[in-house]
2 protein chains.
Amino acid sequence: MARPSDPSARTRLLEAARHVFIEHGLDRAKVEDITRAAGLSKGAFYLHFKTKDDAFKEILGSALAELGTILGEVEGSRAEWSAKPYPELIEQWFYKDLRLFECLWKHRSIMRLVLEGGGSPSYGHLIDLFAASAQETSERLIRYGLECGYYRADLDPKQAAAFVAGGYDRLARRLVHERRKPNLERWLLGAQALCVRALGTPEFIDACVNVHAARLSESSRRRATA
Amino acid sequence: MARPSDPSARTRLLEAARHVFIEHGLDRAKVEDITRAAGLSKGAFYLHFKTKDDAFKEILGSALAELGTILGEVEGSRAEWSAKPYPELIEQWFYKDLRLFECLWKHRSIMRLVLEGGGSPSYGHLIDLFAASAQETSERLIRYGLECGYYRADLDPKQAAAFVAGGYDRLARRLVHERRKPNLERWLLGAQALCVRALGTPEFIDACVNVHAARLSESSRRRATA
DNA sequence: CGCGTTATTGACTGACTGGTCACTGACCCA
DNA sequence: TGGGTCAGTGACCAGTCAGTCAATAACGCG
C-alpha cells in the first residue's frame, strides 16, 4: 500500500506560486521561493507541475477563462437587442460591463501582471492579444448596433471600436492598480455615457442620459436612507 | 602617444543594442549578441556602458525624451487657445496629434517593446507610467477646455481624461504594430471626431464636423489630381 | 626598431536557478 | 517487525550569461 499524497499540496503550491508570480513576474519568480512559501520541497513542485511555465499557464488560464466567458456572453446576448426598448438595452449593457469589471477586480493582481507584460518577454504579447480580442468584440457589437439603428450611420466601426475598446482598457488598467475597490457603477456609467455620446444617434443619447439620470437619483436616494 | 579610440564604436554598439533589445527584450538580450553584431568584443561593450541596463536606459531615454517634448508642447500652447476661433483651434490640436503620432511612428520598434513590458519585470511598470502621464496631461487640457467653454459642463474631467487617453493609447498600440505606415491623418481625424462628440458642446461639435468635412473634401481633391 | 601609452580582446569567473534523482520517509498489509 | 509502494526531499548538476582583467594589439614618437 503506497503512501497517500498530501491532498492540499497542489493547492498550496498553486497559491504560493500565484503570490510569487504576482510579486516578481514569471522570469524572476524562483521555484525555490514558491516551494518555501508552500512549505514543500523543490522536488514536490515537479511532482505536480512539469515546469515553472506550466504552473504559470495554469494560474493565468483560469483567470483569463473566466473573463473570456463573460466577454462571450456580452456578444451572445445581441440576438435579443432589437426586441428591447432603448432604456432596457442600456441597462443590460451596463450590467454586463459591471459583471466584467467585477470579475476583473476579483483577478486584479494577475491581471496587473498581464497588463505589465507578465514579467517575461514570453508573455509580453498577451497584452495586445487581450486588447485585440476586446476590440474585435467591440467592432462586432458596434456593427450590430449600426444595423439596429443605435449608432450614427457615418461611423467607421473599426475606428470607433478601437477608440471605445481603448477607453475601457484604460479603466481596466486603473482598476487593477486600485488599493481599495472603487465605485464601479460610477466608473461604468461615466464610460457608457461617453461612449454613447461619441457613437450614438440623438435619440439613443437621450435615452442613455435619462437612464443614467434615473440611476443617479436612485443612488442618491439610497445614500440618503443609509 | 596613445592608441586613438575607434570613433564609431559607441554608435555601433548602441545601434546593435537597439536591434537586439527590440528583438529579444531586455532580459533575453545577450551582451554577446550585441557585441557580435557590432563587430566588437564583450570587453569593449563595458568600456562604453557600465551595465547592459545602462545601454537600455540610454536607448529608451532618447526615444521617450522626444515624445515627452512634443507632449509638453501640446500643453504649453494652451495659453493661446481662448484667442482662437473653434476651427483654428481644432486644426491646431489635430496638427499636434499628428506630430506626436509621427514621432511615435519614428520610434515604433522601441515603443512596441515598452508597450509590451520592456522584456523585463524591471520595466513593466513603464507602460502605466507612460499612460498615466498622458492621462494627466489630458485631464489638465480637458479642465482648461471646460473653462474655455468647449466641453459640456456636466463632464467629470478625470473620467473623461481616462477615456480619451485610453482611446489614443489604443491607436498608439495599433500604430506600433503596423508593418507599413498607415494614413495617420485619417486615424487622427476619426479619433478627434469621436473625442469631440463625447465631450464637446453642440457648437464645438458642429465646428469640428465642419473642419473635418472641409479636410476630407480637400483630401479627395488632392487624391483626384494625383 | 623599441618604447610608452592606451584601446581592445575573449577566456574565464562566479552567481544564479530550473530541473534531476538517489535516498529517506510515510503508509498499509501480513 | 519486515516488506512493498509511492510521496517527498534537497544536494547536486548543468546550463546560462553579465561582468572581469591579464594579455595582446594598435598607435605615434624618437
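Convention: sequence-line order gives letters A, B, ...; per-chain numbering from 1. Small disclaimer: the values here were computed from a predicted structure and weren't measured.
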Under 3.5 Å, which protein N or O atoms sit close to an N or O of nucleotides 11-17 of chain D? Give each pair with its distance.
residue: D:dC17; atom: OP2; partner: B:Lys30; partner atom: NZ; Å: 3.3

What dot-bracket string describes DNA chain D from 5' to 3', counting Watson-Crick and G-U wobble pairs whose defining distances are under 3.5 Å, with [ ] for crossing pairs and | for pairs to another strand?
||||||||||||||||||||||||||||||
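- One interatomic measurement links the two molecules: CZ of B:Arg36 to P of C:dT8, which rounds to 20 Å at whole-angstrom precision.
- Note: B:Tyr168 and A:Phe163 have perpendicular aromatic rings, judged against thresholds of 30 and 60 degrees for the angle between ring planes.
- In this structure, A:Arg78 places its CZ atom where more than 12 heavy-atom neighbours from other residues, nucleotides or ligands lie under 6.0 Å away.
- Partner A:His177 forms a side chain to side chain donor-acceptor pair (under 3.5 Å) with one of A:Arg108, A:Glu116, A:Arg112 and no other, that one being A:Glu116.
- If you measure from atom CZ of A:Arg10 to atom C1' of D:dG8, you get 16 Å, rounded to the nearest angstrom.
- In this structure, B:Leu47 reaches the bases: a heavy-atom distance under 4.0 Å links it to at least one base atom across the strands shown.
- Applying the 6.0 Å contact sphere to NZ of A:Lys96 captures more than 12 heavy atoms from other residues, nucleotides or ligands.
- Comparing C:dG19, C:dT8, D:dA7 against the side chain of A:Tyr46 picks out C:dG19 as the nearest.
- Considering only the side chain of A:Thr51, C:dG19 comes nearest among C:dG10, C:dG19, D:dG8.
- Atom P of nucleotide C:dT8 and atom CG of B:Leu13 are separated by 10 Å, given to the nearest angstrom.
- Taking OG1 of A:Thr137 as the start and CD of A:Glu139 as the end, the distance is 10.0 Å to the nearest 0.5 Å.
- Going from atom CZ of B:Phe49 over to atom P of C:dT8 covers 13 Å, rounded to whole Å.
- Between A:Leu40 atom CG and C:dG25 atom P the separation is 17 Å, expressed in whole Å.
- Using a 4.5 Å cut-off on side-chain heavy atoms (C-beta onward), B:Leu40 and B:Ile34 make no contact.
- In this structure, A:His48 atom NE2 and C:dG19 atom C1' are separated by 16 Å, rounded to whole Å.
- For the pair B:Arg197/A:Arg197, no side-chain contact is recorded, criterion being any heavy-atom separation below 4.5 Å from C-beta on.
- Of the two residues contacting DNA chain C, namely B:Asp6 and A:Pro4, the nearest-nucleotide position lying further toward the 5' end is that of B:Asp6.
- One can place CZ of B:Phe45 at 17 Å from C1' of C:dA7, the figure rounded to the nearest angstrom.
- By the 30° and 60° cut-offs, the orientation of the rings of A:His125 relative to A:Tyr123 is parallel.
- Here C:dT6 presents its C1' atom at 8 Å from CZ of B:Arg3, a figure rounded to the nearest Å.
- In this structure, the ring of A:Phe101 has its center no less than 6.0 angstrom from the ring center of A:Trp187.
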